[in-house]
Protein chains: 2
Amino acid sequence: MESRIDRIKKQLHGASYKLTPQREATVRVLLENEEDHLSAEDVYLLVKEKAPEIGLATVYRTLELLTELKIVDKINFGDGVSRYDLRQEGAAHFHHHLVCIECGAVDEIQEDLLEDVEAVVEKRWNFQIKDHRLTFHGICWRCNEKHAAEEKNKEEKNRE
Amino acid sequence: MESRIDRIKKQLHGASYKLTPQREATVRVLLENEEDHLSAEDVYLLVKEKAPEIGLATVYRTLELLTELKIVDKINFGDGVSRYDLRQEGAAHFHHHLVCIECGAVDEIQEDLLEDVEAVVEKRWNFQIKDHRLTFHGICWRCNEKHAAEEKNKEEKNRE
DNA sequence: TTATTTAATGATAATAATTATCATTAAATA
DNA sequence: TATTTAATGATAATTATTATCATTAAATAA
Ligand SMILES: [Mn+2]
Ligand SMILES: [Mn+2]
Ligand SMILES: [Zn+2]
Ligand SMILES: [Zn+2]
């Protein structure tokens with residue numbers, strides 16, 4: 001974890017930026033909530049708990065900077081706010097997302113899965129792919145299981 | 001074209017909405033600019049040319065309605081505005097996009113390409129896919145060709 | 001038809017996310 | 001130490017979108 005911070009520090013230095021206390025606090029919040037998809041406001045509130053003097057503008061600026069350096073990815077799930085997602089270290093591409101239209105959960109797919117598709121796109125459309133965004137909208141495994149259980153229950157009642 | 005409007009009219013009626021003159025004017029603008037990716041404001045300005053009395057709120061409402069009925073898809077390319085895209089008639093899923101990071105062009109891929117990936121996601125993640133968004137970011141064929149031409153030019157100069 | 005209810009519209013106010021501004025502070029450098 | 005530069009925090013400005021509400025159009029009932 002500390003090493004992760006160190007590596008991010010080096011990435012910043014490499015682009016001649018400093019890891020100021022505010023920036024570090026922001027990065028820590030992102031690391032501590034890696035599985036979430038926080039908005040700038042979300043990050044701001046969490047950072048404030050540990051560094052109450054920080055300003056919202058600084059959080060926006062830091063998130064913008066981290067996006068520029070491809071340390072985080074900015075993503076929009078269509079709810080009117082941008083969300084920020086730590087990129088897996090060394091990942092060539094952004095990971096994929098599963099958005100549940102029933103419960104709102106957002107799950108992640110770290111596997112690439114797109115290698116073949118990208119090969120086709122690069123060749124057939126002569127498009128040099130640098131990154132991508134792939135989001136599936138549908139019903140998550142939790143909701144699916146819940147429905148299956150309900151279904152089973154109903155059948156049992158019917159048999160009585 | 002007229003038949004396309006008629007079918008949309010029927011879709012609206014099927015959900016007990018009317019195709020009012022304002023709604024029709026909005027749909028026509030979308031049909032006439034099918035290859036574009038217009039924002040609500042863009043649509044508003046274009047509709048105004050033919051139906052100057054229309055209000056911005058009505059355009060927003062119409063676009064929302066059309067999205068609900070899956071006649072258009074709402075998409076966000078990360079530039080802070082929602083864009084509206086007519087769905088291909090009878091298409092199960094939204095088409096894909098190629099966003100050029102050099103010239104800003106947005107091209108479309110109508111082919112599915114994701115069948116295999118979706119089969120994997122449905123099975124391995126027990127996720128019931130209803131729709132998706134897939135956008136590639138990179139360098140478009142026009143910019144690629146331009147670079148190739150420049151490269152060739154430079155080589156020729158060198159040989160002299 | 002005319003009266004009445006309902007749906008849709010247009011103008012505009014309100015909201016909310018993001019960006020810009022600017023004075024202040026911290027850090028780096030001379 | 002003095003000076004330049006980078007970063008910050010407060011807050012104003014901007015902008016896309018949504019909410020409100022009076023008015024109009026359409027559908028329906030009488
Ligand atoms: Mn994610
Ligand atoms: Mn499109
Ligand atoms: Zn769910
Ligand atoms: Zn291009």
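The sequence lines fix the lettering, A, B, ..., with proteins before strands; numbering per chain opens at 1.
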Please map the stems of DNA chain D, keeping only stretches of three or more Watson-Crick or G-U wobble pairs with both distances under 3.5 angstrom.
C:1-30 with D:1-30

With the threshold set at 4.0 Å, does a side-chain nitrogen-carboxylate oxygen contact exist between Glu24(A) and Arg28(A)?
yes

Between atom [atom1] in [X] and atom [atom2] in [N], what is the gap in whole Å?
X        : N       : atom1 : atom2 : result
Glu24(B) : dA26(D) : CD    : C1'   : 16 Å
Asp79(B) : dT19(C) : CG    : C1'   : 15 Å
Tyr44(B) : dT12(C) : OH    : P     : 10 Å
Leu19(B) : dA26(D) : CG    : P     : 12 Å

Does OP1 or OP2 of dG10(C) have a side-chain N or O of Gln22(B) closer than 4.0 Å?
yes

So, is Thr20(A) close to the dA7(D) phosphate, meaning a side-chain N or O under 4.0 Å from OP1 or OP2?
no

Pair Ser39(B), Asp42(B): side-chain N/O donor-acceptor within cut-off below 3.5 Å
yes

Testing the 3.5 Å rule here: is there a donor-acceptor pair between the side chains of Glu102(B) and His147(B)?
yes

Per-pair distances, 0.1 Å, donor-acceptor, side chain in residues 8-15 of chain B, under 3.5 Å, sequence neighbours excluded:
none

From dT9(C), dT8(D), dG10(C), pick the nucleotide closest to the side chain of Ile54(B)?
dG10(C)

Going by the ring pair (Phe, Tyr, Trp, His ring centres under 6.0 Å) test, which pairs reach into residues 97-119 of chain B, not counting sequence neighbours?
His37(B)-His97(B), Phe77(B)-His97(B), Phe94(B)-His97(B), His95(B)-His97(B)

With sequence neighbours left out, the residues meeting side-chain contact (heavy atoms from CB on, under 4.5 Å) with Glu49(B) are Leu46(B)

Among residues 9-18 of chain A, which ones have heavy-atom contacts with DNA chain D below 4.0 Å?
Tyr17(A), Lys18(A)

Letter per nucleotide, 5' to 3', of nucleotides 13-20 of chain D [B base touched, S only sugar-phosphate touched, - untouched; heavy atoms, 4.0 Å]
---SBBBB

